[in-house]
Amino acid sequence: MDNIPHHFLGYWGYGAQHELEALLNSVLENLSPNLSPTRGEALNFPPSRIGKGDRGLGLTIWNVVYIGLDGNCPPLKNQIAAISASGLLTSPDAWVSLQENNCLILGREPFGKMPLYWTQQGQVIWFASQLQLLLPILQQSEVSISGLYGYSCFSYVPTPLTPVKEVFAVTAGTELVWQSDSQSGKLQTPKSKHIYSWREAPKQLTDEATAITELQTLLKDSIERQIADLNDEPVGVFLSGGLDSSVVAALLVQAGVKVRAYTLDFGDIGIPEYPYSEQVAQFLKIPLIKVAVTPSSIKNALIPTVQALDLPFGDGVCVPLYLLSERASQETQVVFNGEGGDQLFAGWTNKPLIAAGVYQAENPTGQETFIQQYLRTFHRLGGYESQVYQPEVYAQIQNLHPEDWLLAALNRDECPSLLHRLRRASLMLKGAQNIHPRATALGFAHGLWVRSPFCDLPLAEWTFRLAGELCLQGACEKYILKRAVENWLPPEIVWRQKRGMGVPLTSWCLNDFWHQLGIWLNPETLRANNHFYPHIAAQIVEGKLGAAIQGRRIGETLWLLIMWQLWRSHVLNEELSKQSLDHPFWLHRWLWRNYKIIRNS
């Protein structure tokens with residue numbers, strides 16, 4: 001492949017051309033080293049373009065600069081900017097278009113592989129494919145309380161919010177349209193248009209044999225589309241040993257592609273993945289590179305990961321995936337992953353929700369609504385607000401209801417049956433707002449194009465024709481996918497029970513990172529930030545925040561807070577206050593535990 005991952009920044013609207021160009025130049029001159037794989041060495045900076053309009057009544061002007069790309073993307077009709085996570089620029093994942101009637105359109109495809117942000121300054125819309133590119137455009141970068149609250153509930157910031165006040169994200173599967181008014185020289189409020197919606201097909205496919213044949217063809221077609229531009233260079237595949245990534249590896253091998261597999265090894269702690277990955281690699285006869293994940297490597301990669309992610313993502317898998325991308329980039333420029341399989345084929349997380357949905361139908365007067373039950377599947381800080389937030393922030397979030405951010409995804413009109421509704425929600429929430437954008441960001445940080453064969457529109461649309469029993473048959477999730485691929489992989493891989501990635505966050509936090517907790521979540525820093533209670537970290541490790549936050553959730557909750565605090569320091573570039581020793585983490589953990597025993601006796 002000749003091109004490399006890149007980003008873009010631009011503006012459109014009514015303003016003084018020389019001032020806008022000066023601001024754009026200033027942003028480019030002061031780019032942080034982490035903003036693009038090529039450190040901003042190759043810039044395409046055409047002169048400003050002036051749109052149609054009567055000079056006496058006002059002109060819209062626009063300009064776009066690509067960062068990290070030597071030359072323009074080949075634009076499709078009316079597009080002035082486009083970007084693709086996969087590098088297949090004929091089907092962009094985010095785009096900016098100008099229509100003949102002098103309107104601006106910002107759009108994204110429905111899987112959410114590539115983000116797109118905007119802010120309005122006066123009568124000018126600034127847009128970028130990376131949040132950090134817009135921060136210098138703002139008069140002042142302030143934390144969005146709504147964005148913060150959304151993050152604490154989901155571990156990602158729900159679109160159209162971002163963690164920054166006055167900066168917004170285009171929601172996946174939508175276009176935002178601004179109409180200009182040349183007579184007044186003002187921009188109208190943007191209109192949001194759904195360009196794609198996941199919808200249950202009226203006629204459901206029930207015949208298993210037909211479904212198997214059709215699914216096999218769809219999977220092979222998806223791979224063919226995603227390898228069409230490859231020559232003879234090897235590609236990487238992130239192989240966890242789970243079903244989805246193993247299917248992608250098998251499809252690539254069947255297609256005759258040179259494949260190198262990369263897997264994570266957490267050593268003696270956590271749930272081991274390496275043995276399963278090794279079994280798949282041996283079966284497919286492909287080389288397997290093991291990437292050791294240690295507390296030391298996590299600590300060293302933590303801040304680069306936060307900068308690469310651009311947005312705060314609180315899942316513990318982010319830093320290990322950064323290390324995986326870093327290793328793969330030494331040998332390839334294209335990586336494939338199995339992301340999206342759970343969303344398409346009703347993975348294991350749907351089981352408790354289906355039970356809850358059935359119970360809700362039988363007991364409609366229950367205390368908790370189905371949407372509230374869905375919110376609890378995120379296992380974050382929703383429900384702990386009064387213990388988490390300082391009074392000023394707590395007062396501001398009283399009128400915010402996280403269930404509202406789930407309503408569109410759980411729309412009964414689009415998907416009347418429960419299983420399809422859960423799959424739709426998973427695609428729109430956990431997929432489009434969390435899994436796919438973070439995978440792209442981590443790949444781009446290392447100059448990697450990221451390809452997800454399950455993010456294929458014909459394949460995804462077909463899954464909404466599947467009868468529920470073909471997805472979830474008894475206790476067996478992803479049934480039809482397993483039947484379709486059972487001859488492509490070892491049976492132990494196809495039919496083994498699904499488990500999540502075993503990132504040992506609690507062990508790391510309570511042992512290797514014990515002293516670091518006092519720095520990352522220092523009470524004085526938290527007090528100065530005026531958001532979280534200063535001693536929240538100590539409360540979590542003492543088990544005082546909530547009965548449900550025990551075991552693995554201790555590490556997950558601490559990590560959520562750590563990633564947010566590091567994002568504020570290293571992306572928002574907030575100055576840290578002086579740190580205090582008013583916390584237990586400066587003691588050895590065994591000493592602190594003994595002190596607690598004496599104090600409580």
Side-chain angles (χ1 to χ4, degrees), residues 111 198 200-201 204-223 237-252 254 271 273 276-277 279-280 283 336-357 377 415 417-431 435-436 452-502:
F111 292 102
W198 304 111
E200 181 178 338
Q204 296 284 286
L205 174 61
T206 57
D207 182 68
E208 186 174 313
T210 303
I212 289 170
T213 303
E214 291 182 0
L215 177 52
Q216 289 172 337
T217 301
L218 285 162
L219 289 169
K220 291 174 182 177
D221 288 349
S222 173
I223 282 289
V237 60
F238 290 167
L239 185 61
S240 69
L243 179 64
D244 302 331
S245 62
S246 301
V247 168
V248 170
L251 285 163
L252 288 167
Q254 288 175 23
I271 301 172
E273 290 187 336
Y276 300 110
S277 307
Q279 189 177 1
V280 174
F283 183 86
F336 286 78
N337 62 40
E339 304 289 22
D342 275 341
Q343 286 78 49
L344 288 194
F345 294 99
W348 65 295
T349 54
N350 289 292
K351 285 185 186 176
L353 278 167
I354 291 166
T377 68
C415 291
S417 69
L418 180 60
L419 190 63
H420 284 310
R421 191 155 71 250
L422 290 172
R423 294 197 311 104
R424 168 186 162 89
S426 195
L427 280 160
M428 293 175 66
L429 301 168
K430 295 170 183 178
I435 293 169
H436 300 307
S452 308
F454 287 108
C455 292
D456 180 77
L457 202 52
L459 171 62
E461 287 178 329
W462 178 85
T463 64
F464 281 89
R465 289 180 48 220
L466 279 176
E469 61 270 18
L470 292 180
C471 287
L472 187 63
Q473 191 161 104
C476 180
E477 75 279 355
K478 297 159 90 165
Y479 174 75
I480 198 63
L481 178 62
K482 293 177 177 180
R483 288 283 286 113
V485 305
E486 63 183 341
N487 294 325
W488 301 355
L489 292 162
E492 305 83 39
I493 298 298
V494 174
W495 297 103
R496 78 181 175 99
Q497 192 171 354
K498 164 81 177 185
R499 291 191 297 186
M501 185 175 287

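Residue pairs meeting the salt bridge (charged side-chain N to carboxylate O under 4.0 Å, His left out) criterion with at least one member in residues 460-469, sequence neighbours excluded, are E214-R465.
A distance-only check finds no donor-acceptor pair linking the side chain of Q343 to the backbone of S426 [under 3.5 Å]. Side-chain atoms of E200 come within 3.5 Å of backbone N or O of S417 as a donor-acceptor pair. Here the side chain of S222 pairs a donor or acceptor atom with the backbone of P453 at under 3.5 angstrom. A distance-only check finds no donor-acceptor pair linking the side chain of R423 to the backbone of A346 [under 3.5 Å]. Distance alone, capped at 3.5 Å, places no donor-acceptor pair between the S452 side chain and the E339 backbone.
Taking CG from L419 and CG from L466, the interatomic distance works out to 9.5 Å, rounded to the nearest 0.5 Å. With values rounded to the nearest 0.5 angstrom, L251 atom CG is found 10.0 Å from Q216 atom CD. Note that the NZ atom of K482 and the CG atom of L489 stand 12.0 Å from one another [nearest 0.5 Å]. The distance from atom CD of E208 to atom CD1 of I480, rounded to the nearest 0.5 Å, is 5.0 Å. Taken from CD1 in I212 to OH in Y479, the straight-line distance is 6.5 Å, to the nearest 0.5 Å. Between the CG atom of L459 and the OG1 atom of T217 there is a distance of 11.5 Å, given to the nearest 0.5 Å.
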Inset, instruction - In sequence, state the C-alpha distance, the side-chain angles, and the governing distance for Y276 and E492, and then conclude on side-chain contact (heavy atoms from CB on, under 4.5 Å). - result: CA-CA 9 Å; Y276 300 110; E492 305 83 39; over 6 Å; no

Inset, instruction - Might you work through the side-chain contact (heavy atoms from CB on, under 4.5 Å) test for K478 and D244, ending with a clear yes or no? - result: CA-CA 10 Å; K478 297 159 90 165; D244 302 331; 2.8 Å; yes

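By the 4.5 Å heavy-atom criterion applied to side chains, T377 and K430 are counted as neighbours. Using a 4.5 Å heavy-atom threshold, the side chains of L344 and L427 count as touching. The side-chain heavy atoms of H420 and W198, taken from C-beta on, include no pair separated by under 4.5 Å. No side-chain heavy atom of V248 sits less than 4.5 Å from a side-chain heavy atom of N337. Between S246 and W488, the closest side-chain pair of non-hydrogen atoms is not below 4.5 Å. For the pair L219 and L481, the minimum side-chain heavy-atom distance is below 4.5 Å. Residues F111 and F454 fail the side-chain proximity criterion, which asks for heavy atoms closer than 4.5 Å.
Among all heavy-atom pairs drawn from S245 and S240, the shortest one is OG-N, 3.1 Å. Contact detail for A211 and L470: the closest heavy-atom pair is CB-CD1, 4.0 Å.
Not a single side-chain hydrogen bond (donor to acceptor under 3.5 Å, both in side chains) links D221 to another residue, sequence neighbours left out.
Remark: R424 fails to qualify as a cation-pi partner of F464 under the 6.0 Å distance and 45° angle criteria applied to the six-membered ring.
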